[in-house]
Structure formats: C-alpha cells, structure tokens
Amino acid sequence: QNQSLDARNSLQLATELGKTLSQMEQAAIAHCDLAGSNIMIDRKRLKVELIDIEDSFIHGIEPPTTGSIPLGTSGYQHSASRALNYGLWCAQGDRFAGAILLAELLTWHVPEIQAASDGAKHYFQDSDLETPSTANSRFRLMVDVLKTGSTEIAELFTRTWTAPRLADC
C-alpha cells in the first residue's frame, strides 16, 4: 500500500532493513531481487521482512543456469548487473537495490517524493537509472530530501548511484 509514514517510522523501517541487509552480506547471502514489491512492512511492530527469496545468492550454492540469472526488478537495477554473466547473483548483489529501497523508506513521508513517483510501485523508473544524476530530476529531489536528514546519507546515496560496479556501491 502507498500509505504515508512519518519521519520517525521511516527511519525505524530503514534501520531495520539496513541491519538485515548488512547481516545478510556479512553472511555472504544476497536476496538478488530487492524491490519494494519484495518487502513486507509491519507498520504496528515497525519490522521489515524480505519475501520472494527463491533467487537468493548463498555462498557455496551452485549458481543458477544462464537463463535464470537474476538481473533485478525494474527501477532497482544497477546498470552493471545487465552486463555481468552472473547478473546480481553475488554477495554484493543487494547493494544498489538496497540503497534505493533505503532511500525510498527514508523519504516516503515527504509529499514531493510521493508525487514524483507518479503512482508507480517504486520511485525510480528504468530511464532514471540510465540518466546521469545531474540531468535526473527524481534523483536530485531524492538527494535534496535525504540531505535534510543527513548530508552523509545523501553523499552515500550519490556514491552508490554513480558507482561503476556493485562492489563499489
């Protein structure tokens, strides 16, 4: 549901998701298809759960066949994932999409962010992800809103957006 969250709840949910993603990467696990549609939010307990985990990378598990390599969901794909033979199927596979989700959670309480999503299920469109940050109005709005909460988070998001490789996100 596209319901508003207040700033405090947004921060709590983003913190929960960040902890989960950090623990997963430390254990060499990646969801490989992070998207708004693949998380469930419990608004009462302020908890986040990942769903749709069948494409998950787990260190030591045999990779999927070439035709079923996860490339990510529209609006959350890092450009490098399409060029790699293994797509997002690696321990760092969640870094870019995770940053997008965290930014969405942190900023969704802002009406301008909701309005800029044009009623879509996610904030960024594929064309946004292929547009340089200086020419991308959604990206600039996201960074401006993130800056109001933390300049450091806005800088991390910018570095992730412009990272040439998933490992650099």
Side-chain angles (χ1 to χ4, degrees), residues 1-26 30-52 72-82 88 91-169:
Q1 294 177 341
N2 286 344
Q3 295 176 332
S4 292
L5 297 168
D6 63 29
R8 183 181 59 80
N9 290 348
S10 293
L11 178 60
Q12 176 67 35
L13 290 167
T15 300
E16 287 295 315
L17 179 60
K19 285 179 187 176
T20 298
L21 294 176
S22 176
Q23 291 168 348
M24 287 173 59
E25 187 170 326
Q26 288 173 27
H31 184 280
C32 299
D33 190 17
L34 283 178
S37 59
N38 287 338
I39 63 170
M40 294 198 51
I41 295 175
D42 181 334
R43 292 173 183 277
K44 291 180 183 177
R45 296 182 314 140
L46 293 175
K47 298 288 182 188
V48 176
E49 290 184 36
L50 301 178
I51 60 171
D52 212 9
T73 296
S74 174
Y76 297 93
Q77 284 182 330
H78 188 277
S79 59
S81 69
R82 292 185 295 270
L88 294 176
Q92 299 87 20
D94 291 342
R95 287 186 177 185
F96 185 79
I100 299 288
L101 274 173
L102 289 169
E104 286 178 342
L105 282 170
L106 286 169
T107 62
W108 196 252
H109 65 279
V110 177
E112 293 83 4
I113 292 289
Q114 291 180 33
S117 74
D118 295 329
K121 293 183 179 185
H122 46 81
Y123 181 72
F124 290 109
Q125 307 305 313
D126 283 344
S127 58
D128 294 321
L129 301 178
E130 297 170 3
T131 304
S133 56
T134 55
N136 188 313
S137 62
R138 282 191 185 102
F139 171 83
R140 287 193 317 269
L141 175 60
M142 177 72 72
V143 170
D144 289 345
V145 172
L146 288 170
K147 278 182 188 176
T148 63
S150 168
T151 304
E152 292 85 4
I153 289 176
E155 288 172 4
L156 284 171
F157 184 75
T158 300
R159 283 187 13 216
T160 298
W161 185 272
T162 59
R165 303 175 309 143
L166 288 170
D168 298 327
C169 292

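Hydrogens, waters and symmetry mates play no part in the numbers below; they use all other heavy atoms, side chains included. Residue numbers start at 1 and run along the sequence shown.
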### Query
Considering all heavy atoms of both residues, which atom of H109 and which atom of A7 are nearest to each other, and what is their separation?
NE2-CB, 3.6 Å

### Task
Dump the intermediate steps for side-chain contact (heavy atoms from CB on, under 4.5 Å) on L50 and L17, then the final yes or no.
CA-CA 9 Å; L50 301 178; L17 179 60; 4.1 Å; yes

### Message
Does R159, at its CZ atom, have more than 12 non-hydrogen atoms belonging to other residues, nucleotides or ligands within less than 6.0 Å?
### Response
no

Kindly compute the distance separating [atom1] ([X]) from [atom2] ([Y]), expressed to the nearest 0.5 Å.
| X | Y | atom1 | atom2 | answer |
| --- | --- | --- | --- | --- |
| D52 | C32 | CG | SG | 12.0 Å |
| W161 | L129 | CH2 | CG | 4.5 Å |
| Y76 | D126 | OH | CG | 11.5 Å |
| I51 | N38 | CD1 | CG | 5.5 Å |
| I39 | E104 | CD1 | CD | 8.0 Å |
| E49 | M40 | CD | CE | 6.5 Å |

### Message
side-chain hydrogen bond (donor to acceptor under 3.5 Å, both in side chains), that's the test. Do Q26 and S22 meet it? Break it down for me.
### Response
CA-CA 6 Å; Q26 288 173 27; S22 176; 3.0 Å; yes

With sequence neighbours excluded, residues passing salt bridge (Lys or Arg N to Asp or Glu O under 4.0 Å) with [X]:
| X | answer |
| --- | --- |
| D42 | R45 |
| K19 | none |
| R165 | D168 |
| R8 | none |

Measure the shortest side-chain to side-chain distance between [X] and [Y] over non-hydrogen atoms and say whether it is less than 4.5 angstrom.
| X | Y | value |
| --- | --- | --- |
| V48 | T20 | no |
| N9 | R43 | no |
| L102 | F157 | no |
| H78 | C169 | yes |
| F96 | L88 | no |
| F139 | T158 | yes |
| D94 | M24 | yes |

State whether the side chain of [X] and the backbone N or O of [Y] hold a donor-acceptor pair below 3.5 Å, judged by distance alone.
| X | Y | result |
| --- | --- | --- |
| R138 | A116 | yes |
| S10 | L105 | yes |
| Q114 | W108 | yes |

### Message
Under the rule for side-chain hydrogen bond (donor to acceptor under 3.5 Å, both in side chains), what residues qualify as partners of S150, not counting sequence neighbours?
### Response
E152

### Pair K147 + E155, salt bridge at N-O below 4.0 Å
no

### Query
Quick one: ring pair (Phe, Tyr, Trp, His ring centres under 6.0 Å) partners of Y123, sequence neighbours excluded?
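By the ring pair (Phe, Tyr, Trp, His ring centres under 6.0 Å) rule, Y123 matches no residue at all.
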
### Query
Picking from L106, L146, T107, D144, what satisfies side-chain contact (heavy atoms from CB on, under 4.5 Å) with I113?
T107

### Task
Could you go through the side-chain contact (heavy atoms from CB on, under 4.5 Å) check for Q23 and L21 one step at a time?
CA-CA 5 Å; Q23 291 168 348; L21 294 176; over 6 Å; no

